[in-house]
Protein chains: 2
Amino acid sequence: MSSNALNTRTKILNATWKLMEERRGVGVRMSDIAKAAGISRQAVYLHFSTRVDLLGATTKYVDEINGLDERLKVVTQAKSGFDALMAYVDVWGNYLPEIHGIAGALLAVRETDEAAKAAWDDCMSCHQSGCHDIVKALQSEGRLAANWTDSSATEMMWVLLSFQTWEQLTVECGWSNAQYITWMKSILVQTFVS
Amino acid sequence: MSSNALNTRTKILNATWKLMEERRGVGVRMSDIAKAAGISRQAVYLHFSTRVDLLGATTKYVDEINGLDERLKVVTQAKSGFDALMAYVDVWGNYLPEIHGIAGALLAVRETDEAAKAAWDDCMSCHQSGCHDIVKALQSEGRLAANWTDSSATEMMWVLLSFQTWEQLTVECGWSNAQYITWMKSILVQTFVS
DNA sequence: CCGTCAATTGACACAGTGTCAAGTTACGCA
DNA sequence: TGCGTAACTTGACACTGTGTCAATTGACGG
């Protein structure tokens with residue numbers, strides 16, 4: 001039945017998620033996922049036509065489970081652009097480590113895979129519009145630092161808060177997530193708030 | 001003879017470089033490289049034992065041809081930390097587009113390939129020590145902005161000037177390289193110089 | 001008890017990397 | 001002039017991982 005099918009589907013998604021996080025998205029094969037889900041390799045293909053399809057579905061699944069939308073409500077409820085910025089860094093900075101593996105995998109195949117690119121861009125445009133909201137709020141309060149235009153500020157903020165930047169600072173430089181959030185808040189305020 | 005061997009080797013390196021830049025490192029196969037170099041696929045293996053070996057050698061080759069060391073002399077000759085920072089952004093910012101393809105390819109396989117990781121880390125540690133020199137200069141002049149420690153400033157500067165950040169701003173946000181350099185100078189001064 | 005749907009099993013095609021062995025070409029040197 | 005060697009070619013093959021296909025099993029509901 002549908003519930004049974006859903007169970008297997010969910011099993012696959014969970015297995016994919018788990019393996020992606022464990023191995024940071026590197027060298028996770030369809031057969032590994034099948035084994036982890038306790039089913040045959042071919043059964044995976046009954047639910048997801050390609051590896052990229054599975055990757056995209058897992059991304060959406062992880063988003064749902066983690067409830068990014070729910071968490072971002074704190075940001076929209078902020079009283080000022082400054083508060084929104086602080087809240088955003090908190091939410092986003094705590095969200096990134098949870099999607100580390102799957103995001104890394106998506107990022108890696110996005111160059112060659114249309115579906116992966118789509119899943120990634122989807123997530124990124126959401127993130128970018130979050131940054132844009134903050135910039136607009138700062139601007140309307142007259143607190144956006146001089147020299148920045150609406151779009152250049154949004155884009156620079158988006159890049160500063162990108163997955164890649166987070167990954168470099170935490171994984172390659174060894175910063176703790178708390179450090180990341182602290183320093184990032186500091187540099188963002190210094191840069192964008194007057 | 002050796003000169004002939006060198007010629008073939010150079011042909012391969014040039015072909016690899018060219019293809020990597022053309023396709024931004026995506027989908028460049030050994031057979032493509034061989035064809036572009038005008039030799040058989042197997043001949044490539046006579047000079048480079050694996051794909052990663054070739055990638056690493058091409059990186060070194062590109063570095064030599066481009067003469068990064070030479071260009072960085074301008075930085076070491078700067079009179080102040082501030083001048084060094086400005087010069088560094090100029091040199092590095094004009095260097096990045098020239099290594100776009102090969103750097104992207106290296107970055108992509110570095111997770112799975114030890115040799116690629118080594119080649120990348122080599123380049124990165126050079127870049128990081130460049131940042132460190134600037135931070136030290138600023139610090140000795142008493143012009144390093146408050147709150148930053150020696151290492152946190154170096155690391156943050158390194159990340160701001162990373163290939164990934166450059167790629168996001170130029171490729172994904174569509175900034176021109178001149179824009180990148182201008183804005184990057186602005187944010188770096190604002191952040192690190194008091 | 002039959003039909004259906006999920007899942008299994010095992011085989012296969014395909015692409016790309018890397019290996020191997022045998023044959024060819026070119027060039028320096030006796 | 002011809003020999004030997006090193007570079008290169010040719011064609012075959014093993015291996016891994018993805019995706020496909022067909023035949024079969026097993027469970028559950030009508």
Side-chain angles (χ1 to χ4, degrees), chain A residues 1-16 19-20 22-58 102 104-106 108-117 119, chain B residues 1-16 19-20 22-58 102 104-106 108-117 119:
Chain A
M1 276 280 98
S2 155
S3 92
N4 213 327
L6 200 72
N7 280 339
T8 301
R9 196 187 142 91
T10 309
K11 264 194 244 169
I12 297 171
L13 289 170
N14 279 321
T16 308
L19 286 177
M20 285 295 178
E22 269 177 22
R23 309 189 194 171
R24 289 219 198 105
V26 177
V28 177
R29 293 159 299 189
M30 295 300 264
S31 53
D32 296 328
I33 292 167
K35 193 185 283 179
I39 58 171
S40 67
R41 186 173 73 93
Q42 281 57 29
V44 179
Y45 284 99
L46 293 177
H47 294 271
F48 306 94
S49 64
T50 67
R51 196 171 182 282
V52 176
D53 185 14
L54 173 55
L55 231 57
T58 307
I102 186 73
L106 221 52
V109 297
R110 141 187 98 118
E111 296 282 338
T112 49
D113 266 310
E114 211 48 47
K117 185 171 168 7
Chain B
M1 272 283 99
S2 156
S3 92
N4 213 327
L6 200 71
N7 281 339
T8 301
R9 196 187 140 92
T10 309
K11 265 194 245 166
I12 297 171
L13 290 171
N14 279 321
T16 308
L19 286 177
M20 284 293 176
E22 269 177 23
R23 309 188 194 172
R24 288 220 200 106
V26 177
V28 178
R29 292 158 300 187
M30 295 299 265
S31 52
D32 296 329
I33 292 167
K35 193 184 286 178
I39 57 171
S40 69
R41 188 172 71 93
Q42 280 59 28
V44 180
Y45 285 101
L46 293 177
H47 294 272
F48 306 95
S49 64
T50 66
R51 196 171 181 282
V52 176
D53 185 15
L54 173 56
L55 232 56
T58 307
I102 186 75
L106 221 52
V109 297
R110 135 189 102 119
E111 297 283 338
T112 50
D113 266 311
E114 211 48 46
K117 186 173 167 7

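Quick note on labels: first sequence line is chain A, next is B, and so on, each numbered from 1. Reckoned from all heavy atoms, side chains included, excluding hydrogens, waters and symmetry mates.
- A straight line from CZ of B:Arg9 to P of D:dA6 spans 19 Å, rounded to a whole angstrom.
- Proximity of B:Arg51 to B:Val28: side-chain heavy atoms (C-beta onward) are separated by under 4.5 Å at one or more points.
- Rounding to whole angstrom units, OH of residue B:Tyr45 and P of C:dA21 are separated by 17 Å.
- The interatomic distance linking B:Ile39 (CD1) with D:dA7 (P) rounds to 13 Å, in whole Å.
- Between B:Thr58 and B:Met20, the closest side-chain pair of non-hydrogen atoms is not below 4.5 Å.
- Closest contact between the side chain of B:Arg29 and the listed nucleotides C:dT17, D:dT18, C:dA7 involves C:dT17.
- Atom CZ in A:Phe48 sits roughly 15 Å away from atom P in D:dT18 (whole-Å rounding).
- At the phosphate of D:dA7, neither OP1 nor OP2 sits under 4.0 Å from any side-chain N or O atom of B:His47.
- For the residue pair A:Val109 and A:Ala116, the shortest heavy atom distance occurs at CG2-CB, 3.5 Å.
- Rounded to an integer number of Å, the gap from CD1 of A:Ile33 to C1' of D:dT18 is 12 Å.
- In the set C:dA7, D:dT18, D:dT10, the nucleotide with an atom closest to the side chain of A:Arg51 is D:dT18.
- Residue-to-nucleotide proximity on DNA chain D shows that, of B:Val44 and A:Gln42, the 5′-proximal contact is made by B:Val44.
- Protein atom CZ of A:Arg41 is 8 Å distant from nucleotide atom C1' of D:dG17, rounded to whole Å.
- Between atom OG1 of residue A:Thr50 and atom CG of residue A:Leu55 there is a gap of 9.0 Å, rounded to the nearest 0.5 Å.
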